Asker: 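Pasting in a structure now, in structure tokens, and then I'll have a few things to ask.
Numbers for residues simply follow the sequence, beginning at 1. A quick note: this is a predicted structure, and the numbers were derived from the prediction, not measured.
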Amino acid sequence: MTVDLYKKTVSYQDQYGNDKVATNFYVKCGDQLVPVEVKYFPDKETNTDRQYGARKTLMSAFATVLPDKKGSGKNS
């Protein structure tokens, strides 16, 4: 069985109406697509996670863009 890492970028608006882009990650095991979250570990003193961006960038570098579902279009 192979395990593949995929990513999908989605656009959304934050609470202030600003346009933002998020990257969602998925692991495909066999025929199952499982969502994966890049975890944020805040430091007890500063309440920040200095390595969060690096972990997310690393995941994105090794992930393949998730292909669109067949037949998901309006004309299909």
Asker: Under a single-linkage definition using a 4.5 Å side-chain heavy-atom cutoff for Ile, Leu, Val, Met, Phe, Trp and Tyr, are Val3 and Leu33 assigned to the same hydrophobic cluster?
Answerer: no
Asker: Kindly state each residue pair satisfying ring-ring contact (aromatic ring centres under 6.0 Å, His included) with at least one member in residues 8-36, sequence neighbours excluded.
Answerer: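 Of all non-adjacent pairs touching residues 8-36, none passes ring-ring contact (aromatic ring centres under 6.0 Å, His included).
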Asker: Applying side-chain hydrogen bond (donor to acceptor under 3.5 Å, both in side chains), name anything that partners Gln13, two or more places apart in sequence or on another chain.
Answerer: Asp19
Asker: Just to verify, what does Tyr40 make a ring-ring contact (aromatic ring centres under 6.0 Å, His included) with, not counting sequence neighbours?
Answerer: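 If we apply the ring-ring contact (aromatic ring centres under 6.0 Å, His included) test to Tyr40, skipping adjacent residues, the hits are Tyr52.
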Asker: When you measure from the side chain of Asp43 to the backbone N and O of Asn47, does any donor-acceptor pair fall under 3.5 Å?
Answerer: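 A pair under 3.5 Å: no.
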Asker: Kindly give the cluster partners of Phe41, where membership spreads through any ILVMFWY side chain lying under 4.5 Å from a current member.
Answerer: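 Members alongside Phe41: none; it stands by itself.
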Asker: Using side-chain contact (heavy atoms from CB on, under 4.5 Å) as the criterion, list what pairs up with Asp31, not counting sequence neighbours.
Answerer: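 Asp31 satisfies side-chain contact (heavy atoms from CB on, under 4.5 Å) with no other residue.
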Asker: Are Asp4 and Val27 packed together at the side-chain level, in the sense that at least one heavy-atom pair is separated by less than 4.5 angstrom?
Answerer: no
Asker: Under 3.5 Å, side-chain donor or acceptor atoms of residues 55-65 against the rest of the protein: list the pairs with distances, not counting sequence neighbours.
Answerer:
residue : atom : partner : partner atom : Å
Arg55   : NH2  : Lys39   : O            : 2.7
Arg55   : NH2  : Asp49   : OD2          : 2.4
Thr57   : OG1  : Gly53   : O            : 2.8
Ser60   : OG   : Lys7    : NZ           : 3.1

Asker: Atom OG1 in Thr23, atom CG in Leu66: separation rounded to 0.5 Å?
Answerer: 12.0 Å
